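Below you'll find the structure, written out as structure tokens, and then a few comments.
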Amino acid sequence: MADSEHPRLILNNFLSLEECKELELIHKSCSTVGYRPNVFSTTLSHLIATNSSHFIMPFVPIRERLKEKLEDFFDCHYQLVIEFTGLISWTSGASIGWHSDDNKPYLKQRDFTAVCYLNSYEKDFKGGLFNFQDGEPKTIAPLAGDVVMYTADSLNIHSVDEVTDGERLTLTLWFSRDSSHDEDAKLISALSKNLPHRSDNFSHSCLPLPASSIMYWFSLNQASLEESGFDICWARLHVLGYNVYCSQEMSSFSDFSELLMEPLQLARGDELFYQEFVNILHALQVVQFFHWKASEYQTSKVDIEAGKVMSLSHSQREKISRLKSFFVKDGRLAERVFHSVTKGLNEHHALDWANFSAAVTAWGDYIGKLHKEILVSLPYWRTHQSIFSVFHLAGFEI
């Protein structure tokens with residue numbers, strides 16, 4: 001679909017549902033509080049900074065396909081660089097009025113926009129329709145896998161209706177003709193400084209490191225952060241039915257937020273899972289991976305002994321309650337913000353910990369594979385100062 005006076009392109013089913021789900025996993029296990037009220041974001045630079053560089057790999061082939069399609073349609077081959085790549089989710093209350101994507105002096109380098117919808121209107125969220133001020137199509141109802149591309153200037157002024165329920169998730173890219181705004185060069189520089197250079201012991205290399213706690217704290221009232229709101233990592237676990245237990249004594253920390261950097265365990269109902277996670281992000285990534293792949297573990301044969309749990313003691317329950325009261329000061333707000341319109345699992349039913357334990361192992365295999373891929377790719381990226389799919393090279397094997 002195209003409008004000659006308002007250059008834009010709508011692509012249906014451009015991304016597979018599996019690609020959408022993988023990017024959703026990354027966002028829900030790595031995101032921070034975003035740039036607008038009720039918005040959360042995951043940038044590639046943030047993944048690098050939190051020792052999750054391996055999560056860049058699923059973006060690479062998608063970025064290439066988007067750039068190729070955009071260059072073909074707008075007839076600008078070899079002129080463009082990617083200025084920004086990010087996952088952005090809008091929750092209840094988020095909206096934006098009429099604007100163009102280059103409407104600020106510091107955004108004038110933006111020439112084109114590509115928005116990839118990773119979940120669907122009415123199925124996963126309500127509200128959040130995309131509207132063009134002029135031309136056709138006038139309104140777009142987001143559908144997982146679809147993409148809308150358009151010029152970032154006043155020819156394509158647009159708005160997004162308020163999200164009223166659920167979490168509206170997109171992969172958004174901006175493209176520029178100005179090579180000084182090339183995102184790839186900045187990312188390669190950051191990777192060269194932060195990525196471990198050895199592929200052995202990759203399980204340790206891939207363990208995430210949370211950013212500053214303020215980046216994860218959500219509050220409707222920014223003037224009273226300490227009195228209201230919640231830590232979004234803790235809240236995402238909370239709405240899926242998990243509690244967090246830390247054996248460290250709270251009295252030994254002047255700043256309780258430091259506890260999220262400490263080893264911790266997951267609890268559910270009356271049960272405490274035996275395995276420790278290195279920090280809150282590690283636990284969150286494993287949980288989100290499990291819920292992404294849940295159907296595979298419901299039918300698989302796993303080692304029952306691996307899912308060892310213990311009954312929570314009275315003192316452990318009290319500690320969980322104290323921790324929750326600090327990190328989720330407003331549980332109802334957390335449930336409203338991260339409410340899922342439809343749920344693949346009933347998160348609050350009993351959990352088969354043996355299946356969960358199998359997912360912990362599978363998560364390690366998954367990120368280990370991505371880590372090896374990025375280690376192999378980085379020398380090529382440095383040479384060409386461009387991020388591209390190294391594995392498409394003929395005969396290349398990892």
Side-chain angles (χ1 to χ4, degrees), residues 1-28 42 57-77 80 82-90 94-96 98-101 110-153 155-175 292 295 340-342 344 389 392:
M1 299 174 62
D3 183 323
S4 58
E5 293 184 11
H6 305 281
R8 64 189 63 146
L9 176 66
I10 314 299
L11 301 168
N12 301 121
N13 301 311
F14 186 81
L15 274 65
S16 70
L17 290 181
E18 188 69 5
E19 288 174 318
C20 293
K21 288 296 183 183
E22 186 169 24
L23 294 179
E24 180 181 9
L25 156 75
I26 294 169
H27 181 68
K28 289 188 174 182
T42 305
M57 294 310 298
F59 291 85
V60 176
I62 296 173
R63 289 166 96 241
E64 284 187 325
R65 283 156 45 203
L66 288 168
K67 186 169 182 284
E68 180 180 351
K69 181 62 71 173
L70 190 144
E71 287 177 334
D72 282 345
F73 181 75
F74 292 102
D75 194 21
C76 51
H77 292 278
L80 300 180
I82 298 174
E83 186 245 7
F84 172 86
T85 306
L87 298 170
I88 302 171
S89 68
W90 296 34
S95 67
I96 189 169
W98 296 114
H99 71 286
S100 64
D101 287 342
R110 292 181 175 172
D111 292 303
F112 300 97
T113 304
V115 178
C116 311
Y117 297 113
L118 304 181
N119 59 5
S120 300
Y121 172 71
E122 290 292 341
K123 178 184 177 183
D124 302 297
F125 60 90
K126 297 179 180 179
L129 291 173
F130 183 99
N131 308 292
F132 281 114
Q133 191 174 65
D134 302 295
E136 295 296 335
K138 206 78 168 177
T139 297
I140 297 172
L143 185 64
D146 288 358
V147 174
V148 55
M149 296 179 174
Y150 51 90
T151 58
D153 57 16
L155 294 177
N156 281 297
I157 292 175
H158 57 279
S159 67
V160 178
D161 294 346
E162 181 177 334
V163 175
T164 59
D165 196 8
E167 188 169 8
R168 177 188 189 271
L169 179 58
T170 63
L171 167 65
T172 300
L173 290 86
W174 282 289
F175 298 83
W292 172 34
S295 61
S340 176
V341 174
T342 57
S389 297
H392 287 173

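Remember, it's a predicted structure, so these values are computed and weren't measured experimentally.
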Exercise. side-chain hydrogen bond (donor to acceptor under 3.5 Å, both in side chains) with Glu18: which residues, sequence neighbours excluded?
Worked result: Lys293
Exercise. Please walk me through it: do Leu173 and Glu83 pass side-chain contact (heavy atoms from CB on, under 4.5 Å)?
Worked result: CA-CA 7 Å; Leu173 290 86; Glu83 186 245 7; over 6 Å; no
Problem set entry | Any residue meeting side-chain hydrogen bond (donor to acceptor under 3.5 Å, both in side chains) with Thr170, in chain and number order, not counting sequence neighbours | Thr172
Seminar exercise, completed: Closest non-hydrogen atoms of Glu64 and Ser389, given as atom of the first, atom of the second and distance, are OE1-OG, 2.8 Å
Exercise. Would you say the side chain of Asn156 lies within less than 4.5 Å of the side chain of Thr113, judging by non-hydrogen atoms?
Worked result: no
Exercise. If we only count heavy atoms from C-beta on, is the His158 to Asp101 side-chain gap below 4.5 Å?
Worked result: yes
Exercise. Checking side chain to side chain donor-acceptor pair (under 3.5 Å) for the pair Asp153/Ser100: CA distance, chi angles, key distance, verdict?
Worked result: CA-CA 6 Å; Asp153 57 16; Ser100 64; over 6 Å; no
Exercise. Nearest heavy-atom pair of Gln133 and Lys138: which atoms, and what distance?
Worked result: O-NZ, 3.0 Å
For this session: State, with a plain yes or no, whether a side-chain heavy atom of Leu15 is found less than 4.5 Å away from one of Val147.
Result: yes
Problem set entry | Residue among Phe112, Phe14, Phe59 satisfying side-chain contact (heavy atoms from CB on, under 4.5 Å) with Leu66 | Phe14
Seminar exercise, completed: Scanning both residues in full, the closest heavy-atom pair of His6 with Gly135 reads CD2-CA, 3.6 Å
Problem set entry | Geometric class of the Tyr117/Phe130 ring pair [parallel <30°, tilted 30-60°, perpendicular >60°] | perpendicular
Problem set entry | Interatomic distance, Arg63 atom CZ to Glu68 atom CD [nearest 0.5 angstrom] | 14.5 Å
Exercise. To the nearest 0.5 Å, how far apart are CG in Leu11 and SG in Cys116?
Worked result: 9.0 Å
Seminar exercise, completed: Rounded to the nearest 0.5 angstrom, the CG-CD1 distance for Leu171 and Ile62 is 6.5 Å
For this session: Side-chain contact test, heavy atoms from C-beta onward, threshold under 4.5 Å: evaluate it for Phe132 versus Val148 and give yes or no.
Result: yes
Exercise. Which heavy atom of Asn13 sits nearest a heavy atom of Asp146, and at what distance?
Worked result: N-OD1, 2.8 Å
Problem set entry | Student check: side-chain heavy atoms of Asn119 and Cys20 closer than 4.5 Å | no
Exercise. Counting N and O atoms only, with roles assigned by atom type, does the side chain of Asp161 sit under 3.5 Å from a partner on the main chain of Gly128, one being a donor and the other an acceptor?
Worked result: no
For this session: Please assess Ile140 against Tyr121 for the test side-chain contact (heavy atoms from CB on, under 4.5 Å), listing each intermediate value before the final yes or no.
Result: CA-CA 10 Å; Ile140 297 172; Tyr121 172 71; over 6 Å; no
For this session: Report the residues that fulfil salt bridge (charged side-chain N to carboxylate O under 4.0 Å, His left out) with Lys21, sequence neighbours left out, ordered by chain and then residue number.
Result: Glu24
Exercise. Got a sec, which residues hit salt bridge (charged side-chain N to carboxylate O under 4.0 Å, His left out) with Arg168, two or more places apart in sequence or on another chain?
Worked result: none
For this session: Enter the distance from Ser340:OG to Lys28:NZ here, rounded to the nearest 0.5 Å.
Result: 6.0 Å
For this session: Report yes if the side chains of Tyr150 and Leu155 come closer than 4.5 Å at any heavy-atom pair, otherwise no.
Result: no
For this session: Take Trp90 and Ile96 through the test side-chain contact (heavy atoms from CB on, under 4.5 Å) and record every step on the way to the result.
Result: CA-CA 10 Å; Trp90 296 34; Ile96 189 169; 3.3 Å; yes
Exercise. If every non-hydrogen atom of His27 is compared with every non-hydrogen atom of Ser89, which pair is closest and at what distance?
Worked result: NE2-OG, 2.8 Å
Problem set entry | Set of ring-ring contact (aromatic ring centres under 6.0 Å, His included) partners for Phe175, sequence neighbours left out | none
Problem set entry | Set of residues satisfying salt bridge (charged side-chain N to carboxylate O under 4.0 Å, His left out) with respect to Glu162, sequence neighbours excluded | none
Exercise. Can you find a heavy atom in the side chain of Asn12 that is under 4.5 Å from one in the side chain of Leu143?
Worked result: no
For this session: Working to the nearest 0.5 Å, report the span between CG of Leu17 and CD of Glu22.
Result: 13.0 Å
Exercise. Which distance, rounded to the nearest 0.5 Å, do you find between the CG of Leu87 and the OG1 of Thr42?
Worked result: 5.0 Å
For this session: Please examine the side chains of Lys69 and Leu9, heavy atoms only from C-beta on, and report whether any two atoms are closer than 4.5 Å.
Result: yes
Seminar exercise, completed: Tightest non-hydrogen contact, residues Thr164 and Gly127, listed as OG1-N, 3.8 Å
Exercise. Is a donor on one side and an acceptor on the other found under 3.5 Å between the side chain of Ser120 and the backbone of Ala144?
Worked result: yes
Problem set entry | Lys126 backbone acceptor or donor facing Asp165 side chain under 3.5 Å | no
